Novice: 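Quick one: structure below, then a few questions.
Please read all numbers here as calculations on a predicted model, not as lab measurements. Atoms within a ligand are numbered from 1 in the order they appear, just like the ligands themselves.
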Amino acid sequence: MTATAAPRRVRIYEVGPRDGLQNESTPISTADKLRYIELLADAGLREIEATSFVSPKAIPQLADAEQLLAALPRRDGVRYPVLVPNERGLARAEAAGVDAIAVFTAATDAFTSHNIGMTIAESLAAFAPVLARAGELGWWRRAYVSTAFGCPYTGRVEPQVAVDVARRLLDLGVEEICFGDTIGVGVPDQVGEIVNLGQGAGIRVSRQAFHFHDTRGTALANVAAGLVAGVRTFDSATGGTGGCPYAPGAAGNLATEDLVYFLDASGWEHGASLDRVLEAARFIAGVLGKPLTTKVGQAGGWDPATGAATGR
Ligand code: COA
Ligand code: ZN
């Protein structure tokens, strides 16, 4: 046998500084956000969604996006995407020296109407010039399909509906589609269905990312299903923070520390250090004045050589 094993490598896309903080009512200083992002990069995370160039009225917590990016030291090999909803956001991102963006729509008109004041079709029309311009600038482009598993306003979402929106986004030139379980209602079978239908629609699995919330405890099971289906990019937020102000009941994102433990113990490479991720998680929990309630945040990691808990 000369076959070489395919690399067991996963990309972790950290959303703590953006998704994790956007809904926090405690005002967080720009300095603390910067320290947090630095700790995330120190932990070996290579994709860190830094902030949003959205309306400060919609998301007051991220109104300091310009100041944050002006002070953020960029590191080689680390991508710092920002959320952009429209051409105004694109212009702000360009002035801030960004080279990676994420646009965001959803699988239901009810959700996009609440979140960005547009129907899905209107959002696609708004993104077309944004993505075209970002492409000319050579930027990396991601698109979120939120509520891909279920919507807080209309209920269950058929996987084909989410995939149809994703396909239209791919046609607008994005490099990556991220299917979001915004309110944490998804289960593993749905993940497999989306992946397969997505591939059927011409969206290669290497272009598919998944964004799970652990609202009902299904996030890691969904990751496992994604891995089996060939997905290699997963979003998470250190400390399990986050939620969308327009998604009632959306509790925290899948915690990066829970994901890292799971991947390490399963033999997947990803480049992040669990101990350092836990440092970042403790830091941001301290800033928010909240206890760290994630599973691995509480239990620590585990050293199979000694049986001892680690990183506590
Ligand atoms: N950056 C800064 N300000 C912006 C902006 C941007 N990208 N886009 C619009 N604005 C400002 C406008 O100038 C206007 O300001 P004014 O009231 O002082 O005149 C105000 O926001 C409203 O703009 P309008 O074009 O009428 O849009 P809207 O009120 O329908 O809002 C969005 C549309 C998309 C800008 C807004 O809903 C938004 O930013 N949503 C983001 C939600 C989000 O981030 N959710 C979490 C991610 S899942
Ligand atoms: Zn999220």
Novice: Can you tell me if, anywhere in Asp235, an N/O/S atom lies at a distance from the Zn ion (ligand 2) that is smaller than 2.8 Å?
Specialist: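 Asp235 does not place any N, O or S atom closer than 2.8 Å to the Zn ion (ligand 2).
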Novice: Would you say Glu257 and Thr294 are linked by a side-chain donor-acceptor pair, where the criterion is simply a distance under 3.5 Å?
Specialist: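 Per modelled atom types, Thr294 and Glu257 side chains form a pair under 3.5 Å.
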Novice: Side chains of Thr256 and Ser236 only: does a donor on one sit below 3.5 Å from an acceptor on the other?
Specialist: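 Indeed, the side chains of Thr256 and Ser236 share at least one donor-acceptor pair under 3.5 Å.
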Novice: Any idea which atoms of ligand 1 are less than 4.0 Å away from a heavy-atom of Gly89?
Specialist: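 Matching atoms, with element in brackets: 7 (N).
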Novice: Indicate yes or no: does an N/O atom of Gln22 lie under 3.5 Å from an N/O atom of ligand 1?
Specialist: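 It does not: no N or O of Gln22 is found under 3.5 Å from an N or O of ligand 1.
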Novice: So, regarding Asn86 and ligand 1 (criterion: nitrogen or oxygen to nitrogen or oxygen, under 3.5 Å), is there a contact or not?
Specialist: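 N/O-N/O distance under 3.5 Å: yes.
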Novice: For this output row, return yes or no: ring centroids of Phe210 and Phe179 closer than 6.0 angstrom.
Specialist: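 When the ring centroids of Phe210 and Phe179 are compared, they turn out to be within the sub-6.0 Å range.
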Novice: Just heavy atoms, cut-off under 4.0 Å: does Phe53 contact ligand 1 by side chain, backbone, both, or neither?
Specialist: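 It is the backbone that touches ligand 1; the side chain stays farther off.
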Novice: About how large, to 10 degrees, is the angle NE2 of His213, then the Zn ion (ligand 2), then OD1 of Asn253?
Specialist: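 The NE2/OD1 angle about the Zn ion (ligand 2) sits at 80°.
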Novice: Show the atoms of ligand 1 that are less than 4.0 angstrom away from any heavy atom in Pro56.
Specialist: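 Those atoms are 2 (C), 3 (N).
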Novice: Could you walk me through whether Asp171 and Arg167 pass the salt bridge (charged side-chain N to carboxylate O under 4.0 Å, His left out) test, one step at a time?
Specialist: CA-CA 6 Å; Asp171 291 341; Arg167 176 68 231 190; 2.5 Å; yes
Novice: When you check the gap from the basic side-chain N to the acidic O, do Arg276 and Glu279 get nearer than 4.0 Å?
Specialist: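 Yes, Arg276 and Glu279 are salt-bridged.
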Novice: Yes or no: does Gly180 have any heavy atom under 4.0 Å from an atom of ligand 1?
Specialist: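 No.
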Novice: Are any N, O or S atoms from Thr182 nearer to the Zn ion (ligand 2) than 2.8 Å?
Specialist: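 No, since none of the N, O or S atoms of Thr182 sits under 2.8 Å from the Zn ion (ligand 2).
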Novice: Heavy-atom distance to atom 30 (O) of ligand 1: which of Thr182, Ile116, Val130, Ile59 wins?
Specialist: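 Among Thr182, Ile116, Val130, Ile59, the closest heavy atom to atom 30 (O) of ligand 1 comes from Ile116.
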Novice: Under 3.5 Å, is there a donor on one side chain and an acceptor on the other for Thr238 and Tyr36?
Specialist: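 Yes - a donor-acceptor pair under 3.5 Å links their side chains.
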Novice: Taking 4.0 angstrom as the limit, do Glu136 and Arg133 come out as a salt bridge?
Specialist: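 Yes, this pair counts.
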Novice: So, of the N/O/S atoms that Asp19 has, which is the nearest one to the Zn ion (ligand 2)?
Specialist: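 Answer by atom name: OD2.
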Novice: Surrounding CZ of Arg204 (heavy atoms of other residues, nucleotides or ligands, distance under 6.0 Å), is the total greater than 12?
Specialist: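 Not more than 12 within 6.0 Å, no.
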Novice: Please work out which of Thr112, Thr147, Asn115 has its closest non-hydrogen atom nearest to atom 37 (O) of ligand 1.
Specialist: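 Answer by nearest heavy atom: Asn115.
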Novice: Please classify the Ser55 to ligand 1 contact at 4.0 Å (heavy-atom distances, strictly less than): side chain, backbone, both or neither.
Specialist: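 Under 4.0 Å from ligand 1, Ser55 contributes backbone and side-chain atoms.
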Novice: When you measure from the centre of the six-membered ring of Tyr144, is the NZ or CZ of Arg18 closer than 6.0 Å and no more than 45° off the axis?
Specialist: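 Arg18 over Tyr144 ring: yes.
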Novice: Out of the candidates His211, Arg11, Gln208, Arg142, only one should pair with Thr233 under the side chain to side chain donor-acceptor pair (under 3.5 Å) rule; please name it.
Specialist: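 Going through the options one by one, the only one that passes is Arg11.
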Novice: Which one of Val15, Leu62, Val54, Asn23 has a non-hydrogen atom at the shortest distance from atom 41 (C) of ligand 1?
Specialist: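 Among Val15, Leu62, Val54, Asn23, the closest heavy atom to atom 41 (C) of ligand 1 comes from Val54.
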Novice: For atom 1 (N) of ligand 1, which of Arg92, Arg18, Gln61 has the closest heavy atom?
Specialist: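 Going through Arg92, Arg18, Gln61 one by one, Arg92 has the nearest heavy atom to atom 1 (N) of ligand 1.
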Novice: Below the 3.5 angstrom mark, is there an N/O of Ser52, backbone or side chain, next to an N/O of ligand 1?
Specialist: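 Among all N and O atoms of Ser52, none is under 3.5 Å from an N or O of ligand 1.
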